[in-house]
Amino acid sequence: MNNTMAPPLSARPPGPADPTGPTDVDVLSDVVTSLRSGRPFANREDRQGTWHIPFAPFAGAGFHVVLSGSCRLLTEDGSLTLNAGDVILTPHGTRHDLADLAHGDRHSPTSLLCGAYQLDQAQTHPLLADLPPVIHLRSEVGHHPSLHSAISLLGDELQQTRQGTASALSTLLDLLLIYMLRAWLEEESERGAPGWSAVLADPAVSAALSAMHDDPAHPWTVEELGRRGNLSRAAFARRFTGLVGQSPLAYLTWWRLGIAARLLKESDIPLEAVARRVGYTSRYAFANAFKRAHGVSPGRFGSSVPMAHDRPDGTAGP
């Protein structure tokens with residue numbers, strides 16, 4: 001059966017690399033594209049009185065938005081009070097619960113927007129691995145306007161089904177994931193936190209990453225990548241390794257083989273063509289590198305790594 005799908009942005013046929021011009025791919029978009037699998041879903045929950053909703057662990061990311069009222073988020077580490085406009089992202093599908101929040105003897109009505117994204121767990125990008133189990137984006141006037149605009153549009157589509165709602169929901173859910181991750185990265189960068197917020201905020205390292213993602217098949221050298229950020233080879237290598245946790249060429253190899261794995265799973269592209277798309281001129285060199293990284297030959301990989309299909313409530317996914 002032909003199961004050809006559009007590959008990640010960075011897996012398109014390579015073009016000539018311009019060592020000075022801007023790249024077409026930003027790292028966050030590329031990472032999200034490479035991890036997404038299946039269809040996202042969302043629903044609106046209107047609750048009043050005493051209530052409790054458990055969410056089982058699952059292979060993906062879940063989110064909740066408090067549209068009105070307030071509630072509690074319960075995790076193994078404790079509880080959080082959520083107010084209208086607050087956003088919760090559970091990027092690793094961590095088990096959690098939502099429950100009513102009593103104000104004395106009064107239980108105010110609460111409206112929630114809940115949903116989830118299926119993620120390919122075969123190769124988790126370090127940007128995602130760097131995220132905490134629970135991200136709490138508090139509602140503050142003037143903060144993250146794009147995120148709250150997407151939430152408003154999504155809530156409107158879920159409240160009233162109209163022509164085009166299915167397409168609108170899919171697009172809005174994609175936007176929402178990007179906006180939630182962007183908001184967290186911006187908040188982390190503002191407080192000077194380490195990790196991938198610092199990686200993407202560093203001009204030299206970010207420029208090199210964008211170049212590798214934009215054209216993974218190009219025969220990049222450390223010196224050439226350093227020129228993207230106006231750094232010497234040695235200074236760039238130290239900065240990249242210190243922030244990312246691996247050398248530039250080690251990251252490039254890891255990213256290339258991750259693209260190859262996705263192409264092998266989701267398309268009928270011949271092995272030689274996959275190898276060329278990720279910078280290998282020899283099928284055998286590619287096969288050896290792929291087996292070292294994934295523990296199985298490229299030809300067998302498609303049937304060896306299951307994709308996630310469970311919703312966070314434990315039911316079968318779409």
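For R162, the salt bridge (charged side-chain N to carboxylate O under 4.0 Å, His left out) partners are D156, E157, not counting sequence neighbours. Applying the side-chain contact (heavy atoms from CB on, under 4.5 Å) criterion to A42, with sequence neighbours excluded, gives F63, L158, L173. Under the salt bridge (charged side-chain N to carboxylate O under 4.0 Å, His left out) criterion, R238 pairs with no residue at all, not counting sequence neighbours. With sequence neighbours excluded, the residues forming a side-chain contact (heavy atoms from CB on, under 4.5 Å) with S68 are S111, listed by chain and number. With sequence neighbours left out, Q159 forms a side-chain contact (heavy atoms from CB on, under 4.5 Å) with R44. Residues passing the side chain to side chain donor-acceptor pair (under 3.5 Å) test with R191, sequence neighbours excluded: E188. When the side-chain contact (heavy atoms from CB on, under 4.5 Å) test is applied to T124, the partners found at least two apart in sequence or on another chain are Q121, L128, A129. Here F290 pairs with F286, H294, F301 under the ring-ring contact (aromatic ring centres under 6.0 Å, His included) rule; sequence neighbours left out. Residues passing the salt bridge (charged side-chain N to carboxylate O under 4.0 Å, His left out) test with D100: none are found, sequence neighbours excluded.
Among residue pairs with one or both ends in residues 171-187, those qualifying as side chain to side chain donor-acceptor pair (under 3.5 Å) are R36-D174, H144-E187; sequence neighbours excluded. Among pairs with a residue in residues 71-92, those fulfilling side chain to side chain donor-acceptor pair (under 3.5 Å) read D86-H136, at least two apart in sequence or across chains.
Under the 4.5 Å side-chain contact rule for hydrophobic residues, L28 and L177 share a cluster. Under the 4.5 Å side-chain contact rule for hydrophobic residues, L89 and I178 share a cluster. Hydrophobic cluster membership is shared by V27 and L175, with clusters built from Ile, Leu, Val, Met, Phe, Trp and Tyr side chains linked at under 4.5 angstrom.
The minimum heavy-atom distance between D130 and G195, with the atom names listed, is OD2-CA, 3.5 Å. Across all their heavy atoms, A198 and A193 have their closest contact at CB-O, 3.6 Å. Looking at every heavy atom in both residues, A204 comes nearest to L231 through CB-CD1, 3.5 Å. Residue L263 comes nearest to S267 through the heavy atom pair O-OG, 2.7 Å, listed as atom of the first residue, atom of the second, then distance.
When V65, L98, D46 are each tested for a side-chain contact (heavy atoms from CB on, under 4.5 Å) with L112, only one passes: L98.
In this structure, the side chain of T110 engages the main chain of S70 through a donor-acceptor pair within 3.5 Å. Remark: side-chain polar atoms of W220 are paired, donor with acceptor, to backbone N or O of D215 under 3.5 angstrom. Between the side chain of R283 and the main chain of A275, no donor-acceptor pair closer than 3.5 Å is present. Not a single donor-acceptor pair under 3.5 Å links the side chain of S206 to the backbone N or O of P203.
With rounding to the nearest 0.5 Å, the separation of CG in L176 from CG in L169 is 11.5 Å.
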List, one per line, each side-chain donor-acceptor pair under 3.5 Å for residues 240-251, sequence neighbours excluded.
{"from": "T241", "atom 1": "OG1", "to": "A237", "atom 2": "O", "distance (Å)": "2.8"}
{"from": "S247", "atom 1": "OG", "to": "A250", "atom 2": "N", "distance (Å)": "3.2"}
{"from": "Y251", "atom 1": "OH", "to": "H125", "atom 2": "NE2", "distance (Å)": "2.8"}
{"from": "Y251", "atom 1": "OH", "to": "H213", "atom 2": "NE2", "distance (Å)": "2.7"}

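If you check the side chains of H143 and H148, you find no donor sitting under 3.5 Å from an acceptor. For the residue pair E45/N43, the side-chain donor-acceptor check at 3.5 Å is satisfied.
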Show your reasoning for whether side-chain contact (heavy atoms from CB on, under 4.5 Å) applies to L225 and M212. CA-CA 8 Å; L225 289 168; M212 288 188 274; 3.8 Å; yes
